[in-house]
Asker: 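Got a structure here, written out as structure tokens. Questions coming.
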Amino acid sequence: MTAYAGESRHISIHIERPAEEVYAYASDPSHLPEWAAGLGKSIEETDGRWIADSPMGRVVVDFAPRNDLGVLDHHVTLPSGETVYNPLRVIADGDGCEVVFTLRRRPDMSADDFRRDEAAVAADLVTLKRLAEQA
């Protein structure tokens with residue numbers, strides 16, 4: 001596991017769809033290319049693991065098991081072998097929900113890179129919102 005540099009950003013968005021629906025969509029790794037650009041434009045399951053062609057090269061994405069709590073935490077193993085833990089939650093909020101991604105700054109990450117990652121995650125959440133609310 002990668003050490004955590006002590007800085008986090010909680011990036012969230014409200015979605016006008018029930019939490020169960022958003023969780024069902026977002027928890028299916030085959031949907032990742034539709035809304036999570038940072039993980040790549042394609043993903044395939046190979047030997048029970050999800051492999052994505054990302055901007056960084058081929059990465060392995062391992063999600064938490066399906067659950068009733070809205071937990072979508074996942075580990076991304078980079079081409080270097082480094083594994084990055086990504087906390088992600090879908091939280092019920094009335095008739096809608098809030099999706100919260102916790103971005104953690106890696107030890108080797110510059111402040112500019114961290115800001116770029118934050119902007120990329122925010123854009124991914126906007127895409128998830130657009131897709132979920134069209135359903």
Side-chain angles (χ1 to χ4, degrees):
M1 291 289 162
T2 299
Y4 149 62
E7 185 176 359
S8 295
R9 295 277 193 285
H10 301 286
I11 306 157
S12 67
I13 196 162
H14 184 82
I15 299 178
E16 293 294 333
R17 298 296 293 174
E20 298 80 17
E21 289 180 18
V22 174
Y23 177 84
Y25 175 79
S27 67
D28 182 342
S30 69
H31 293 154
L32 285 173
E34 298 167 12
W35 68 273
L39 283 176
K41 299 203 182 302
S42 69
I43 192 166
E44 64 185 27
E45 187 176 12
T46 305
D47 298 326
R49 306 215 54 207
W50 289 92
I51 313 294
D53 286 317
S54 81
M56 301 166 283
R58 291 177 63 78
V59 298
V60 178
V61 184
D62 293 305
F63 273 95
R66 285 189 173 261
N67 59 81
D68 294 332
L69 302 174
V71 176
L72 287 170
D73 292 9
H74 54 286
H75 291 91
V76 177
T77 303
L78 305 175
S80 67
E82 175 185 16
T83 299
V84 179
Y85 170 60
N86 299 286
L88 178 61
R89 303 289 193 279
V90 178
I91 303 164
D93 183 17
D95 293 335
C97 65
E98 183 178 16
V99 177
V100 182
F101 185 103
T102 301
L103 178 66
R104 292 180 161 176
R105 185 173 176 183
R106 296 189 318 270
D108 62 339
M109 183 179 271
S110 73
D112 286 342
D113 286 342
F114 191 52
R115 280 191 291 276
R116 277 191 287 278
D117 269 8
E118 182 178 9
V121 168
D124 287 348
L125 294 182
V126 167
T127 300
L128 178 60
K129 174 183 176 73
R130 181 180 47 78
L131 290 170
E133 290 180 352
Q134 285 176 353

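The figures that follow rest on heavy atoms only: side chains count, while hydrogens, waters and symmetry mates do not.
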Asker: Arg106 vs Asp117, test: side-chain contact (heavy atoms from CB on, under 4.5 Å). Steps then yes/no.
Answerer: CA-CA 11 Å; Arg106 296 189 318 270; Asp117 269 8; 4.2 Å; yes
Asker: List the residues meeting side-chain contact (heavy atoms from CB on, under 4.5 Å) with Ile91, not counting sequence neighbours, and say none if there are none.
Answerer: Arg89, Val100
Asker: Between side-chain atoms of residues 121-135 and protein atoms elsewhere (two or more places apart, or another chain), which donor-acceptor pairs fall under 3.5 Å?
Answerer:
{"unit_1": "Asp124", "atom_1": "OD1", "unit_2": "Ala37", "atom_2": "N", "d": "3.1"}
{"unit_1": "Thr127", "atom_1": "OG1", "unit_2": "Ala123", "atom_2": "O", "d": "3.2"}
{"unit_1": "Lys129", "atom_1": "NZ", "unit_2": "His14", "atom_2": "O", "d": "2.7"}
{"unit_1": "Lys129", "atom_1": "NZ", "unit_2": "Glu133", "atom_2": "OE2", "d": "2.9"}
{"unit_1": "Glu133", "atom_1": "OE2", "unit_2": "Glu16", "atom_2": "N", "d": "2.7"}

Asker: Of the non-hydrogen atoms in Gly38 and Pro55, which two are nearest, and what is the gap between them?
Answerer: O-CD, 3.5 Å
Asker: Report yes or no: do Leu103 and Val59 belong to one cluster of Ile/Leu/Val/Met/Phe/Trp/Tyr joined by side chain heavy-atom distances under 4.5 Å?
Answerer: yes
Asker: Would Val71 and Ile11 show up in the same hydrophobic cluster when neighbours are defined by side-chain heavy atoms closer than 4.5 Å?
Answerer: no
Asker: Among the clusters formed by ILVMFWY side chains lying less than 4.5 Å apart, do Val90 and Ile13 turn up in the same one?
Answerer: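 In one cluster with Val90: Ile13, yes.
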Asker: Scan for ring pair (Phe, Tyr, Trp, His ring centres under 6.0 Å) pairs involving residues 36-63, sequence neighbours excluded, and state none if there are none.
Answerer: Phe63-His74
Asker: Measure from the side-chain N and O atoms of Asp73 to the backbone N and O of Leu88, and report whether any donor-acceptor pair falls under 3.5 Å.
Answerer: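 Pair found, side chain donor or acceptor close to backbone of Leu88.
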Asker: With side-chain contact (heavy atoms from CB on, under 4.5 Å) as the test, would you mind laying out the steps for Asn67 and Tyr23 before giving the verdict?
Answerer: CA-CA 9 Å; Asn67 59 81; Tyr23 177 84; 3.4 Å; yes
Asker: Taking Leu78 as the starting point, is it possible to reach Val61 by hopping between hydrophobic residues whose side chains are less than 4.5 Å apart?
Answerer: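 Val61 clusters together with Leu78.
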Asker: What is the distance from atom CG of Asp62 to atom CG of Asn86, rounded to the nearest 0.5 Å?
Answerer: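 One finds 11.5 Å between CG of Asp62 and CG of Asn86.
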Asker: Taking only residues two or more places apart in sequence or in another chain, which ones pass salt bridge (charged side-chain N to carboxylate O under 4.0 Å, His left out) with Glu21?
Answerer: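 Scan of Glu21 (salt bridge (charged side-chain N to carboxylate O under 4.0 Å, His left out), adjacent residues dropped) gives Arg17.
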Asker: Measure the spacing between NE2 of His10 and OG1 of Thr102 and express it to the nearest 0.5 Å.
Answerer: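 These two atoms lie 4.5 Å from each other.
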Asker: Find out if a path of hydrophobic residues (ILVMFWY) with successive side-chain heavy-atom gaps under 4.5 Å connects Val76 to Ile51.
Answerer: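 No, because Val76 and Ile51 fall into different hydrophobic clusters, even though each may have its own neighbours under 4.5 Å.
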Asker: Residues two or more places apart in sequence or in another chain: which of them pass salt bridge (charged side-chain N to carboxylate O under 4.0 Å, His left out) with Asp93?
Answerer: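 None.
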Asker: Classify the ring geometry between His75 and Tyr85 as parallel (under 30°), tilted (30 to 60°) or perpendicular (over 60°).
Answerer: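 Correct class here is tilted.
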Asker: Which value, rounded to the nearest 0.5 Å, describes the distance between Ser54 atom OG and Lys41 atom NZ?
Answerer: 11.0 Å
Asker: Please name all residues satisfying side chain to side chain donor-acceptor pair (under 3.5 Å) with Ser27, sequence neighbours left out, ordered by chain then number.
Answerer: Arg66
Asker: Could you tell me the separation between the CG atom of Leu32 and the OG atom of Ser42, rounded to the nearest 0.5 Å?
Answerer: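 Leu32 atom CG to Ser42 atom OG measures 11.0 Å (nearest 0.5 Å).
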Asker: List for me each residue that meets side-chain contact (heavy atoms from CB on, under 4.5 Å) alongside Asp112, sequence neighbours excluded, and say none if there are none.
Answerer: Ser110, Arg115, Arg116
Asker: Tell me every residue that passes ring-ring contact (aromatic ring centres under 6.0 Å, His included) with Phe101, counting only those two or more places apart in sequence or in another chain.
Answerer: none
Asker: Rounded to the nearest 0.5 Å, what separates atom CZ in Arg104 from atom OG in Ser8?
Answerer: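 The distance works out to 5.0 Å.
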Asker: List for me each residue that meets salt bridge (charged side-chain N to carboxylate O under 4.0 Å, His left out) alongside Glu44, sequence neighbours excluded, and say none if there are none.
Answerer: Arg58
